[in-house]
Each structure stands twice: as C-alpha cells, then as structure tokens.
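No experiment lies behind these values; they were computed from the predicted model shown. All chains are named by letter (A, B, ...) in the order of the sequence lines, taking the proteins before the strands, and each is independently numbered beginning at 1. Only this structure's heavy atoms are used, side chains among them; waters, hydrogens and symmetry mates stay out.
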Protein chains: 2
Amino acid sequence: MREVRGGTNLTYGLVETLGQSIVSGEYSSDRKFPTESELSQIYGGSHSITREAVKMLTAKGLLRARPRQGTAVEPESQWNLFDPDVLRWHLERKFSLKLLLHFTEMRLGVEPNAAYLAARNASAEGIAEIRHGLQRMKNAEGGHDDTVSADVAFHVAILKATGNPFYRRLDEMVNTALRISIRFTNMIKGHEADIGAHEAVLDAIVARDPERAFALMQTIIRDVIELIESGIAGKLGIKGAWLSDQEANPAGK
Amino acid sequence: MREVRGGTNLTYGLVETLGQSIVSGEYSSDRKFPTESELSQIYGGSHSITREAVKMLTAKGLLRARPRQGTAVEPESQWNLFDPDVLRWHLERKFSLKLLLHFTEMRLGVEPNAAYLAARNASAEGIAEIRHGLQRMKNAEGGHDDTVSADVAFHVAILKATGNPFYRRLDEMVNTALRISIRFTNMIKGHEADIGAHEAVLDAIVARDPERAFALMQTIIRDVIELIESGIAGKLGIKGAWLSDQEANPAGK
DNA sequence: CCGCGCCTATTTATACTATAATTCGAGACA
DNA sequence: TGTCTCGAATTATAGTATAAATAGGCGCGG
C-alpha cells in the first residue's frame, strides 16, 4: 500500500482536489476545463503550483495541456487506470454496478493466478501474512476488526506472496475494488465474504497446490461476478440509477 | 496505444531522458540522484522545467523530493509499474529472463481471461480487429509484416474486445512484454509464435465459447512460461548474466 | 557519555514577473 | 471556396526572490 502524500503541500493538495473532481466526473472530457490562470484563481496557489499540479495529472493521463487550447480532461480511455491515485479517486465516484463489474472482471483475471503463483512461490513470511489476513477476517466476523480492511489484507497478502512485482503493484486495484464491492454487498444483505472459501485458498497455498489455489480463488470471484450480473439484470431490486458508470451515460448528467 | 509525447518540449524531453535513465538503472534508489539545481545544469532548461519534470516522475512513482534531502529515486516497489511510460522505459533496461518471467506471469493472469471476456463481449468490429491481427501474423511469417507488431496487434485486439477498460488499458503491458519476449525467442531460435494456436483462440472467440478461449490462451502463455523457466534453469544455454533483473542483484553492479 | 534542544545550512516549495512559443480563429484576397 | 496572414489565447520557459521543511552538528546539562 502506497503512502499517500496528498494535502501536505499546495501542489499535492491541488493534485488531490483536481484528481478527485476529474475521476468523480465533476470535470470531464466533454466539458470545458479551467485554464491554468483560472485554476490559480479558483483554487489559490501561484502559477507555478498550478502548472506543477497540472503536470502531475498529465503524467497520470487525466489531463492534457496545449498552447491556446488550454487544459482539458482526457477521455477515460487515456487515464492510467492502474495508477494508485487514480484508483483511489474512483472511490469518490458514484457507485455503479457496471464499474464494479469491470473491477471484478479484472480481479478475476488477476487473483486466481496470484493464488497459483503464491502456491508456487510464497515464502514462510508470505504465508504468515495471508494467515494473518484470514485471522483478521475471522475477527471481523465477531466485530473485532473491519470487514473490508481484513478482506483487503488477505487478498493483498496473496498478491505479495506471488513474488512478482506486477502482481504486488495491483494491491491498490484490489483495495479499491473491494471497497466498492462492499457498498454493493451492503445494499443487498446476506452476502458476506465466505470465510471458509478463503481459508480453503490459504490451505491450497500452504499445501503448494497451485491448480487448486487457482480454482478456489476463481470460484470466489466468479461468484461475486454472478451476483453483480444478477444486480445488473435487475434480479436484486437494485435501482437503475446505479447500473451504469458515469461516462457510459453522459447524457444523463 | 497511447500517443507518446516525449521530446516535443523541454519538460517532456527531460521526463523521457530521466525516466529512461531511472528504469534502465543508471540512477537507482541506493545511489545519489542530482538535486534540482544540478539537474538544471546537467540537462539544461530552467528551474521551472526541472521542477515540472521531477513532479511528473514523482506522479509515476519513480522519484520523491523532500526539502533538504533533495530528490531521490524511489525503490522499484513504489514505481507505478502499469504506467504506459514506465512500461515503455522497461525496453531500455538490460534484458533479463527474470523480468521476462514476471511480465509473462502477468500475461498469464490477464490474457486467458481477456479471451474469455472477448468470447462473451466482443462486437463484430472487435472480432474483425482480432482477425486482422491474425492476418498480420500470417503475413509476418512470409516476411510481409513485422512479427512482433503483428503479435501485439492480435493480443491487444483481444484486450480491446473484452469491453472492459482495465483490460484495454493493459495494452502497453502486453506490448512491452512481447517486445522483451522477442529478444528471448530470437536468442534461442525455433520458437516462433504458433499461428495455429492463435487462430484457435480467435475461433473460440468467434464461436462465443469463453471457456475454450480461456484454455487455449492459457496454454499459449503457459508454454512461453515453461520456455522461460527452462532458460532460467540453464537448459537453453543462456548466459547467467541474463538471468536476473537489475534490482535483484545490486551487488553485481 | 548520552540525550535533548537550538541553530545553521541545504534543498525543495512557493511566489512573482516577464518573454517566447504554439496554435486557433477570423478576415482578407484570389 | 480555399489559402494565407495576422492577432489573440493559452501554455511553455526563463529568471529572481523568499519561505518552508528538515537534516546535521554543536553545546549544554544530567
């Protein structure tokens, strides 16, 4: 998990404020974005601060700046979606089943294979961390820990146990996905994380059985996907306003 | 594929130069990095340019800047590894089987599932693009196209056909992985992309058979992984200097 | 001798002013 | 209607200056 440096100085504060406003849809690629000069007026800070903050957001793919055209929000297809800050700002976005589905489809690609690699590569420390995550999940069931933090800890420990830097770097993606997911499961009750299924994954990892770890994790996540797809199909009484993501329906604004 | 904006102005030029130098290991987290003032002297450009470039690299997780400490390269664990520029700069890094393995393990997580999702979600245009990629691969076999570009086109078309923005955004990761991979396969001859196996994936997608598409793509990539692991185990006559990645062996510097 | 507090120096952070460069849009001319 | 030129809009770059953060060294007291 990356140390967040927002808010400690003016530049980072502006990056945070603008980043959230962009990812949450307040500014978008089909609407006018303030010029640098306007940004300085609206948010305070000097021209230098504004330029530096705009450059940081440009580096993350959120903004583009051109002489005479000014500064604009890039289409979402240009955003660096795996950037830890961009991921985190997604938590400011209005809940949407479509977005949750996309996140969970990504988890479906990543996490079974992470479990597979963890079963092959995990060190003793790695396994201890997964075990700790599971224990936290059990504690959370009794109200002694935070459910989503515990779930995140378990899954992130598996990513780390892969020994692969790319998987490790997906920790923020999983964190964000799970925090969005909890909003969904809170809506529909009766769908808590299945601790037994998670424990089975840990057992397969400990047993150094990659294929089994893969299959078990795949099942966990496919179940979530089915649930989400049920929601999208209207089978769970979820309101239509939560079906689509903000860019998919710009006319709805 | 993202439009690359390096070199068109001083700030972007400096970002490109420093980014390459960092990712290729010329600057690293255990060695002194120039102060802003030194950067201005070494690379030219004013203080503003230097600050803006440093901020951009900070936004990508490559650098950190603190009063009095100066500017330093972050440990690789902090780098935004899925950042398109960071990925591209990996091509400047010395070849390493370990790094290729990491990339390919990531592909193993992503691409079978991309094929699965493409089989479920691909539009007619999406399928046409995959088909075009395959045709390019066939053309490349006869010397009428570039092998790696064609391979990239096929795989990226599948990512796009998923309809999922996260998968779509992994195009640079796959591109980089394949460009590194070609260096390996060029070393050991006799291991070109298996066009038939790729065609079978397309057929499964066209047939809307997700599980089959998944399995076929998984096989393609597992085969590459086995080959890489053979190389790592010394079974292919690959020299030891190419086994490890640059950060894994700082003492070897 | 060790720990704590204070001061100084180092480097980034911020502000400001000014000019240069890019590029879009409008108007004029052929 | 198309092309070219010019002016304006906005970013890009340069430079100067001060403020803020903070590391390190030194001195003093226990």
Side-chain angles (χ1 to χ4, degrees), chain A residues 3-19 21-22 27-75 78 85, chain B residues 3-19 21-22 27-75 78 85:
Chain A
E3 151 195 331
V4 179
R5 201 183 164 199
T8 62
N9 69 35
L10 290 181
T11 305
Y12 284 92
L14 186 54
V15 168
E16 195 66 29
T17 298
L18 290 180
S21 299
I22 291 165
Y27 292 123
S28 70
S29 59
D30 52 3
R31 270 178 285 146
K32 173 147 169 56
F33 191 81
T35 63
E36 289 176 3
S37 171
E38 285 162 349
L39 288 173
S40 277
Q41 281 162 27
I42 298 169
Y43 296 101
S46 67
H47 182 45
S48 310
I49 298 303
T50 300
R51 289 191 59 75
E52 288 177 19
V54 167
K55 283 291 187 296
M56 290 181 85
L57 292 167
T58 300
K60 291 173 187 287
L62 295 187
L63 292 181
R64 73 188 329 242
R66 296 287 186 275
R68 206 181 184 290
Q69 296 176 43
T71 305
V73 176
E74 290 272 25
Q78 295 297 308
D85 293 323
Chain B
E3 149 195 330
V4 178
R5 206 189 161 191
T8 62
N9 70 34
L10 291 181
T11 305
Y12 284 90
L14 185 55
V15 168
E16 195 65 28
T17 299
L18 291 180
S21 300
I22 291 165
Y27 292 123
S28 68
S29 59
D30 51 3
R31 271 177 283 147
K32 179 157 165 43
F33 190 81
T35 63
E36 287 175 2
S37 169
E38 286 163 350
L39 288 173
S40 277
Q41 281 163 23
I42 297 170
Y43 295 102
S46 67
H47 181 45
S48 310
I49 298 304
T50 300
R51 290 191 58 78
E52 289 177 17
V54 167
K55 282 295 187 295
M56 290 182 83
L57 292 168
T58 300
K60 290 173 186 292
L62 295 186
L63 292 180
R64 74 187 332 237
R66 295 289 185 275
R68 209 184 184 287
Q69 297 177 43
T71 305
V73 176
E74 291 273 25
Q78 295 297 309
D85 292 323

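Residue A/Phe33 contributes atom CZ, which lies 21 Å from atom P of D/dA9 at whole-angstrom precision. When the C1' atom of C/dT12 is taken as reference, atom CD of B/Glu52 falls 15 Å away, rounded to whole Å. Atom CE of B/Met56 is separated from atom P of D/dT13 by 11 Å (rounded to the nearest Å). Atom-to-atom, CD of B/Glu38 to P of C/dT10 comes out at 13 Å; the value is rounded to the nearest Å. Atom CG of A/Leu10 is separated from atom P of D/dA19 by 15 Å (rounded to the nearest Å). The CZ-P distance, from B/Arg66 to D/dA23, rounds to 10 Å in whole Å. Distance, B/Lys32 NZ to D/dA23 P: 15 Å, rounded to whole Å. The interatomic distance linking A/Arg64 (CZ) with C/dT22 (P) rounds to 17 Å, in whole Å.
When each of C/dC24, C/dT14, D/dT13 is scored by its nearest atom to the side-chain atoms of A/Arg51, the top-ranked nucleotide is D/dT13. Here C/dT11 is the nucleotide among C/dA13, C/dT11, D/dA8 with the atom lying nearest to any side-chain atom of B/Thr35. Closest to the B/Arg68 side chain, of the nucleotides D/dA14, C/dT14, D/dA23, is D/dA23.
With sequence neighbours excluded, the residues forming a side-chain contact (heavy atoms from CB on, under 4.5 Å) with A/Gln69 are A/Arg64, A/Arg66, listed by chain and number. Partners of A/Leu10 by side-chain contact (heavy atoms from CB on, under 4.5 Å), not counting sequence neighbours, listed by chain and number: A/Ile49. Checked against side-chain contact (heavy atoms from CB on, under 4.5 Å), B/Ser28 has the following partners two or more places apart in sequence or in another chain: B/Asp30, B/Arg31. The side-chain contact (heavy atoms from CB on, under 4.5 Å) test applied to A/Thr35 returns A/Lys32, A/Ser37, A/Glu38, not counting sequence neighbours.
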Using the 3.5 Å cut-off, write out each protein N or O paired with an N or O of nucleotides 16-21 of chain C and the distance between them.
residue: C/dC16; atom: N4; partner: A/Ser48; partner atom: OG; Å: 3.1

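Dashed line: the shortest gap from a side-chain N or O of A/Gln69 to OP1 or OP2 of D/dT10 is not under 4.0 Å. Listed pair B/Ser37 / C/dT11 fails the phosphate criterion, with no side-chain N or O lying under 4.0 Å from OP1 or OP2. Distances shown here put a side-chain N or O of B/Lys55 below 4.0 Å from the OP1 or OP2 atom of C/dA13. Phosphate contact (OP1/OP2 of D/dT10, side-chain N/O of A/Thr71, threshold under 4.0 Å): absent.
B/Glu74 has its side chain out of reach of B/Leu62: every pair of non-hydrogen atoms, C-beta onward, lies at least 4.5 Å apart. In this structure, B/Thr71 and B/Pro34 have side chains that are not in contact, with every pair of non-hydrogen atoms separated by 4.5 Å or more.
Annotation: salt bridge (charged side-chain N to carboxylate O under 4.0 Å, His left out) contacts involving residues 47-56 of chain B, sequence neighbours excluded, comprise A/Arg51-B/Glu52, A/Glu52-B/Arg51, A/Glu52-B/Lys55, A/Lys55-B/Glu52, B/Glu36-B/Arg51.
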